[in-house]
Enquirer: 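Take this structure first; my questions come after.
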Amino acid sequence: MDSRDGNRQLRDAGKVSFLIAALCLILSCARSLPDFPQLDLGRFQPEIRKAVEQQADHAKANPRDANQVLQLGMVLQAHDQFQAAAQCYSRAYSLGSKRFETPYFWGQALASMGDYRGAAERLRQALAIRPRSLPARLKLAEVLRESGESASSAELYRQVLNETPENATAHYGLGRSLDGADAITEFGKALALFPRYGAAQFALATAYRKIGETKKAQEALADYERDKTLVPPLDDPEMAAVRALDLSATGLLSQAADLEKEGRLAEALERHNRAIAMDPKLVDAYVNLISLYGRLQRDFEAEQAYHQAIALDPNRAEAYYNFGVFCFERQRLGDAKTAFEAAVGLNPRHAEALHNCAVISEREGKWEQAAALYHRALGIKPSYPLAHFHLGRLYANQKRYALAIQEFERSLEPAGPETPTYLYALAATNARAGARSRAVELMRQARTQAFARGQTALAASIDHDLAALAR
Amino acid sequence: MIWPPWRGSAHRSACVTALAVLLLACGRKPIPWFHDAATETGLQFTHYTGATGQFYMPEIMGSGCALLDYDGDGDLDVFLVQGAALDDPRKTPGNRLFRNELVPSGKFRFTDVTRQAGLHYSGYGMGVATGDFDNDGRVDLLVTNFGENVLYRNNGDGTFRNVIVESPDVALQGRWSTSAAFFDYDRDGWQDLVILNYLDYSIQANKRCYEPAGEIDYCTPKAYPPASAHLFHNEKGRFVEVTQHSGIGHAQGRGLGVVAFDANGDGWQDLYVANDAGANHLWINQKNGAFTERALESGVAYSENGLPKAGMGVAVGDYDNDGAEDLLVLNLMREGATLFRNNGRGDFTDSSLKTGIHAITFPYTGFGVGWFDFDSDGWLDIFLANGAVSLREEQRGRPDPFRERSLLIRNPAGNGGSFVDVTQKAGPAFDLLEVRRGAAFGDIDNDGDIDILVTNNNGPVRLLLNDMPRHNWLEIQVDGAGLGAGMSVTVKASGLPVQRRRVHTDSSYLSASDPRVHFGLGAAERIESVTLYRPDGSQAQHYKNVKLSSLLRIGPERH
């Protein structure tokens with residue numbers, strides 16, 4: 001064999017190698033489609049199993065339909081099956097889904113699993129589709145902070161605030177990335193926008209503590225103790241759609257709460273009953289049903305729910321409180337008082353229960369006791385307009401006008417549907433105290449606000465009193 | 001034809017590279033940093049939960065372990081707490097004491113001496129605390145139970161005596177006791193005792209709970225009312241309850257982890273309690289027999305976002321070598337552990353995000369934990385014994401769907417960087433997915449590095465021996481009455497910052513560790529000084545010319 005044969009062999013070998021390499025390259029470049037997750041549904045609660053199976057069947061019948069796969073991911077995520085959900089989103093994304101929801105939900109699922117790097121990547125993809133999504137930007141900023149990238153997190157919060165300076169969550173998030181006076185400023189802004197932002201109050205207290213402002217730290221902590229878990233609402237219709245798929249007992253309770261707020265009481269009741277069917281020892285459901293049945297005028301069932309609640313958990317203050325309200329509305333003042341006192345006994349910081357005890361004491365003619373109870377409630381919850389109003393009215397009835405005026409003034413913040421009434425009371429007390437021109441000015445304000453809120457009957461009463469003052 | 005057909009340097013380089021890769025692939029694997037020596041040393045023990053399928057709460061909580069030199073022969077023995085059948089706790093394999101035969105035989109093996117030692121009590125065991133409560137220079141034991149606790153006095157002859165009748169308050173009959181600690185809160189020279197209680201719970205009142213997909217699961221502890229910790233004053237070897245008088249009874253929590261340490265540097269021992277699903281407690285010693293709860297004001301009640309996390313295991317240690325002990329509290333998966341850095345004078349900052357601890361620990365549920373210098377570089381690292389309490393999504397349908405990896409996390413060594421998860425380098429023992437609970441730390445084989453004893457819920461004990469390459473070290477043992485509890489030691493070695501460590505056996509979860517103090521000294525050429533301090537902060541002894549890589553024993557006359 002001569003060198004030419006050898007060279008030919010080498011060239012042939014080279015061609016074969018090249019072809020193999022090219023084939024490998026093509027195969028590797030071909031996007032590998034993530035499989036459907038393996039789902040062991042055997043022990044899922046039947047309703048949840050049915051919902052997941054249904055969607056899984058749809059998805060597997062249309063394995064290349066990105067929307068069906070996305071839907072499967074959503075129903076899994078609704079039930080905290082984050083890994084399986086992430087796999088669905090990965091498949092939907094690989095199928096070319098251009099929907100914002102796909103990388104957004106994927107990022108949320110990955111964040112729930114602690115995969116911050118992955119979550120950040122997907123959230124950025126979501127923002128590439130919908131750059132102005134506030135929930136996605138806030139989530140990305142949070143993920144960056146949780147993964148220790150505080151500078152990037154701060155940058156993103158600043159961008160949000162440039163466009164929406166009145167976002168309490170962004171101010172709080174930015175504050176978490178800053179120190180000292182800058183942090184305090186941001187937490188302060190968050191609280192100005194949403195005064196009962198528990199996490200911001202805690203963060204503010206921590207920041208004050210760090211700079212040695214002990215008294216201010218203590219004041220912030222007092223507010224925090226009351227508002228611990230309260231956060232500003234966030235309009236996130238995409239994640240709301242996921243939560244709406246939650247068929248677990250707690251998910252159903254959450255849906256019930258939303259329905260009740262919308263006045264859809266029958267539907268709220270149905271959700272509660274489904275939750276109880278799933279978990280007969282779900283105390284929260286029975287606690288809620290006390291007031292829900294009460295609103296539906298189904299008194300026997302309301303009492304039954306109360307007894308079931310305290311049988312399951314004798315230490316649930318809210319069960320006693322709700323029953324107290326139920327009894328009060330039916331003029332069963334003795335039962336109401338017992339129930340509210342039980343609630344306070346279990347939770348001495350239950351401002352609403354203390355307030356209601358005060359109202360009953362007032363009805364019983366026990367003025368000093370009532371005043372003391374109002375003060376206790378207000379000591380726990382200083383911005384409690386109704387309590388200020390009732391205390392003001394008590395003082396006014398005792399002709400202690402200066403104190404009454406003080407309390408009525410405090411009842412005006414934060415403003416709410418009852419503010420025209422409180423303003424009216426303030427005006428009337430000023431009139432009784434001899435401050436006529438002040439009374440007229442306040443009555444005019446009250447009338448304007450009453451009209452603005454469509455409270456025509458109240459406005460008519462105010463008009464009548466204004467006419468009397470003019471004579 | 002000649003082979004290989006060399007044609008140019010690029011081709012030659014590619015072939016050489018391929019050959020090198022081939023050789024490396026066939027070459028030796030790196031030596032694991034730890035290996036499990038339980039079986040080879042005769043440490044045969046499997047924890048029993050008594051699980052009945054009813055998802056009773058105690059079944060998921062696990063039990064603890066202790067490293068102690070009960071016979072005073074200079075090596076660490078092993079005490080393992082056992083569970084029981086919940087319908088009849090007398091039906092149980094019982095707790096176990098294993099004697100370490102290393103000293104004097106030189107053979108590293110364990111022998112079950114439970115019966116001879118008198119420690120064969122059967123109950124639903126939870127935790128163990130060690131300390132010298134009768135000041136005879138020998139280590140005693142408290143075993144906590146779901147049910148009645150047991151107090152053992154070391155007789156000094158290889159046996160223990162159950163002395164609960166002498167301190168009946170300690171029994172806390174009918175309650176669920178968890179972690180405990182011996183500590184001298186009133187500085188009278190006698191070790192007092194704190195015992196945590198978890199829940200106001202009974203088997204009869206067990207609730208049925210479900211995870212989000214509706215499958216039955218263990219309840220969150222929030223389903224049950226909390227309980228208060230209990231404090232006992234040591235009246236020369238007998239304990240009297242002072243819970244209400246001390247103020248400790250004024251706050252309730254679901255207590256799981258406890259450490260006694262001087263949080264505010266005033267020379268008096270305070271208490272930190274990790275409470276499950278609620279605010280943690282920091283009981284500041286008022287120096288008059290009373291304590292005041294100050295966790296919220298001190299920054300250690302909650303994590304940075306103001307929300308309570310789980311709070312199971314807790315470890316105390318000066319991870320940044322600034323002279324102030326810091327706190328690490330372990331939580332549930334999807335919460336992340338919380339690292340509270342001590343700013344001095346009892347003020348703490350949540351540094352979990354900044355140090356990377358949060359991100360590393362987020363996917364896990366942590367129980368046993370300890371600060372220990374596994375690589376002897378002078379900076380405290382962390383081991384976390386992990387295992388879930390609610391079923392893990394990816395293990396649904398499998399038996400025991402609570403298994404997790406444990407973690408080994410390396411300290412960035414004062415460079416201001418983040419902690420690093422080095423678990424993958426630690427060895428096959430760290431690749432196991434288990435339901436780990438207790439962890440005790442100590443130099444079990446007396447080779448100058450720290451090993452780890454780990455318990456598994458309903459599973460075998462693990463003895464993780466440290467096989468790291470040898471660096472310089474120093475260990476200090478304080479002998480005599482009280483065994484030096486609460487004393488601290490500073491060591492200055494060339495090229496390293498001053499390290500301050502304390503003599504204590506508490507922290508972690510339901511467990512008790514080696515009271516000897518270990519210092520990693522890396523490549524230091526000499527030890528410049530060793531200083532021993534009493535619990536009140538006053539200096540007891542100062543040493544120079546201490547030999548590198550040795551055990552320094554300090555006798556009672558020296559402190």
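Just so it is clear: chains get the letters A, B, ... in the order the sequence lines come, proteins before strands, and each one is counted from 1.
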Enquirer: Quick one: pull up CD1 in I382(B) and CG in L384(B) and give me the separation to the nearest 0.5 Å.
Expert: 6.0 Å
Enquirer: Find out whether the Lys NZ or Arg CZ of K309(B) is both under 6.0 angstrom from the six-membered ring centre of Y302(B) and within 45° of the ring's axis.
Expert: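 That pair does not qualify as a cation-pi contact.
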Enquirer: Heavy-atom cut-off 4.5 Å, strictly under: side chain, backbone, both or neither for A111(A) against chain B?
Expert: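 Just the backbone, heavy atoms under 4.5 Å.
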Enquirer: Tell me, for E211(B) versus chain A, whether the close heavy atoms (under 4.5 Å) come from the side chain, the backbone, both or neither.
Expert: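 Only the side chain of E211(B) comes within 4.5 Å of chain A.
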Enquirer: Is it the backbone or the side chain of F348(B) that comes under 4.5 Å from a heavy atom of chain A, or both, or neither?
Expert: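 Backbone only.
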Enquirer: Considering only heavy atoms, which portion of D80(A) lies under 4.5 Å from any heavy atom of chain B: side chain, backbone, both, or neither?
Expert: both
Enquirer: Which class fits the ring pair Y172(A) and Y197(A): parallel under 30°, tilted 30 to 60°, perpendicular over 60°?
Expert: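 Ring orientation of Y172(A) relative to Y197(A): tilted.
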Enquirer: Go through Q81(A), Q83(A), K281(A) and name the one with the most non-hydrogen pairs under 4.5 angstrom from chain B.
Expert: Q81(A)
Enquirer: Output yes when K139(A) and E142(A) qualify as a salt bridge under the 4.0 Å nitrogen-oxygen rule, no when they do not.
Expert: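 Looking at E142(A) together with K139(A), the answer is yes, because their closest N to O distance falls below 4.0 Å.
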Enquirer: Taking atom CG of L72(A) and atom CD of Q55(A), what is their separation to the nearest 0.5 Å?
Expert: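 The distance works out to 6.0 Å.
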Enquirer: Would you mind telling me which of P37(A), S147(A), A203(A), S112(A) has the largest number of heavy-atom pairs within less than 4.5 Å of chain B?
Expert: S112(A)
Enquirer: Can you classify the ring geometry of F419(B) versus Y319(B) as parallel (below 30°), tilted (30 to 60°) or perpendicular (above 60°)?
Expert: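 Answer is tilted, since the angle falls between 30° and 60°.
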Enquirer: Please state whether the rings of W176(B) and Y201(B) are parallel, tilted or perpendicular, taking 30° and 60° as the class boundaries.
Expert: tilted
Enquirer: Using heavy-atom distances under 4.5 Å, tell me whether L247(A) contacts chain B through its side chain, its backbone, both, or neither.
Expert: neither
Enquirer: Are E149(A) and Y116(A) close enough that a side-chain donor and a side-chain acceptor fall under 3.5 Å?
Expert: no
Enquirer: Which region of S298(B), side chain (C-beta onward) or backbone (N, CA, C, O), has a non-hydrogen atom less than 4.5 Å from a non-hydrogen atom of chain A, or is it both or neither?
Expert: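 The backbone, not the side chain.
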Enquirer: Under 4.5 Å heavy-atom distance to chain A, tell me which part of S303(B) shows up: side chain, backbone, both or neither.
Expert: backbone
Enquirer: Identify which of R396(B), E297(B), E394(B) forms the greatest number of heavy-atom pairs closer than 4.5 Å to chain A.
Expert: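 Top count of heavy-atom pairs under 4.5 Å with chain A: R396(B).
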Enquirer: Which bit of R145(A) is near chain B, if near means a heavy-atom gap under 4.5 Å: side chain, backbone, both or neither?
Expert: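 R145(A) touches chain B through backbone and side-chain heavy atoms alike.
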